[in-house]
Amino acid sequence: MTDGMTESAAGTAGGVAEQRIAPKVEQKVTITAIAQEAGVSVPTVSRVVNGRSDVAPATRARVEELLRQYGYRRRTSSSGDRPALIDLVFNDLDSPWAVEIIRGVEETTHEVGFGTVVSAIHDRAGSARQWMRNLRARASGGVILVTSVLEPVLHEELHRLGVPLVVVDPAGSLALDAPTVGATNWAGGMAATEHLLRLGHRRIGFIAGPPRLLCSRARLDGYRAALEAAGVPVDDRLMVPGDFYHESGFTGCNRLMDLDEPPTALFASSDQMALGAIEALRRRGMRVPEDVSIVGFDDLPEVRWSAPPLTTVRQPLVEMGKVAARTVLRQARGEEVDSPRVELATELVVRASTAPPRA
């Protein structure tokens with residue numbers, strides 16, 4: 001555990017002893033280090049090592065000379081000649097949502113002999129910079145950034161080092177120069193709201209996610225679009241803030257139920273907030289779905305066992321992790337990415353937490 005950060009690793013980055021500068025001190029020689037000294041990207045060095053022809057002659061000569069000077073040797077693992085670690089970075093790790101992403105990433109990296117370093121960059125000052133120092137020390141082969149925001153200077157440092165980057169659920173425009181992986185959040189928000197409208201609900205409350213995240217804003221836009229398409233006025237009093245965690249769902253539900261004319265249904269932007277809302281209703285002596293219908297978003301494994309089982313929008317979290325891992329591995333091999341923007345389909349899963357409103 002480091003300052004402001006939780007970290008776990010599976011696998012190690014290989015290398016050989018370097019004696020050119022300090023003959024009696026062993027140092028790990030990685031493609032990232034070679035790329036930094038040569039002033040080129042990691043994929044460029046990878047192409048030289050693999051004998052690819054798509055490298056300018058002068059660049060190839062410079063990289064080959066450094067490889068000889070440092071005594072760089074090919075790896076014998078299935079990961080080839082790339083640093084055999086991928087960094088997977090979250091804001092926090094206290095969510096089952098994060099676990100599903102980790103599963104997808106690790107299943108994919110394990111197949112090719114890569115390890116995964118999982119880190120949490122908290123909001124505490126200096127934690128992101130500490131992570132960057134650790135990243136440089138272990139010569140990571142790539143970074144998958146999940147709903148996290150890096151300071152511009154750190155984002156530029158990743159680019160300067162030539163470390164491949166993929167962003168899952170980007171937070172704003174900072175990630176627009178990196179491949180992104182997400183889900184059809186707008187369509188999911190619309191599907192959840194349309195389901196409640198079809199059941200006959202007209203006062204539908206909405207508990208939002210963090211506004212800095214594009215996925216949160218898309219789910220809100222889908223909610224509003226469904227109401228407008230059905231000719232139901234959008235009432236700002238029925239929309240309350242949240243942060244994807246249980247407590248904000250609990251608080252947001254209470255705010256909505258305290259209205260003079262409370263909603264008959266709620267759409268929470270995450271399953272955890274939906275479960276918090278169910279608990280708030282239970283403490284008020286209200287039943288789901290008899291008194292209030294609830295829809296969540298994510299389809300976490302736990303919600304099929306909630307009481308009642310939760311109607312929700314399934315986003316393919318494990319597959320999102322797999323796609324992100326495959327994308328960063330392609331970049332690490334110096335290959336072109338098929339698509340810089342990937343959105344995987346969401347799906348409404350109807351269970352027992354929704355029903356028509358009481359007459």
Side-chain angles (χ1 to χ4, degrees), residues 31-32 35 40-47 50 52 54 79-80 82-91 97-98 100-112 114-119 121 128 131-132 135 139-152 154-188 212-218 315-346:
I31 281 183
T32 301
V40 299
S41 69
V42 170
T44 296
V45 178
S46 179
R47 286 194 288 269
N50 289 319
R52 295 267 295 270
D54 51 344
S79 61
R82 307 173 303 280
L85 286 175
I86 295 298
D87 269 66
L88 176 58
V89 185
F90 297 84
N91 276 336
W97 180 90
E100 297 301 293
I101 296 287
I102 293 169
R103 282 179 52 202
V105 170
E106 289 205 317
E107 285 180 19
T108 302
T109 56
H110 179 74
E111 290 175 357
V112 295
F114 270 65
T116 303
V117 179
V118 181
S119 304
I121 299 180
W131 166 74
M132 179 62 79
L135 178 85
S140 179
V143 173
I144 299 172
L145 194 66
V146 185
T147 63
S148 301
V149 179
L150 286 183
E151 300 171 43
L154 298 182
H155 190 259
E156 292 167 5
E157 177 71 358
L158 278 179
H159 182 73
R160 187 184 70 80
L161 293 173
V163 178
L165 172 66
V166 174
V167 181
V168 177
D169 275 342
S173 61
L174 181 62
L176 293 182
D177 62 345
T180 63
V181 178
T184 54
N185 290 287
W186 183 89
R212 65 182 179 81
L213 298 180
L214 297 180
C215 63
S216 297
R217 301 202 292 270
Q315 62 170 335
L317 296 171
V318 173
E319 184 60 26
M320 287 164 63
K322 290 182 177 181
V323 170
R326 288 196 293 265
T327 302
V328 81
L329 289 169
R330 285 181 66 90
Q331 292 182 90
R333 291 192 294 264
E335 300 173 1
E336 294 296 326
V337 174
D338 292 334
S339 173
R341 310 282 178 263
V342 176
E343 281 195 344
L344 302 180
T346 53

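In this chain, residues are counted from 1 in sequence order.
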Nearest heavy-atom pair of Val342 and Leu344: which atoms, and what distance? CG1-CD2, 3.9 Å
Carboxylate-amine/guanidinium proximity below 4.0 Å for Glu335 and Arg326: no
Pick from Asn185, Leu145, Thr180, Val146: which one makes a side chain to side chain contact (heavy atoms under 4.5 Å, CB included) with Asp169? Asn185
Using side-chain heavy atoms (C-beta onward) and a distance below 4.5 Å, is Cys215 in contact with Gln315? no
Compare every heavy atom of Phe114 with every heavy atom of Leu85, then report the nearest pair and how far apart it is. N-CD2, 3.6 Å
Indicate yes or no: at least one non-hydrogen side-chain atom of Leu135 is less than 4.5 angstrom from one of Leu158. yes
What's the separation between atom CD in Glu106 and atom CD1 in Ile101, rounded to the nearest 0.5 Å? 12.5 Å
Answer yes or no: does atom CH2 of Trp186 have more than 12 heavy-atom neighbours from other residues, nucleotides or ligands under 6.0 Å? no
Might you point out which heavy atoms bring Pro316 and Ala345 nearest each other, and give the distance in Å? CD-O, 3.4 Å
Which atom of Pro164 lies closest to which atom of Gly141, heavy atoms considered: CD-O, 3.3 Å
Met320 versus Val181, closest heavy-atom pair with distance: O-CG1, 3.8 Å
Val163, Leu165, Ile86, Leu88 screened by side chain to side chain contact (heavy atoms under 4.5 Å, CB included) with Val328, the one that passes: Ile86
Quick one: list whatever passes side-chain hydrogen bond (donor to acceptor under 3.5 Å, both in side chains) with Thr346, sequence neighbours left out. Thr184
Heavy-atom pair with the smallest gap, counting every atom of Ala178 and Arg341: O-NH1, 3.1 Å
Set of residues satisfying salt bridge (charged side-chain N to carboxylate O under 4.0 Å, His left out) with respect to Glu156, sequence neighbours excluded: none
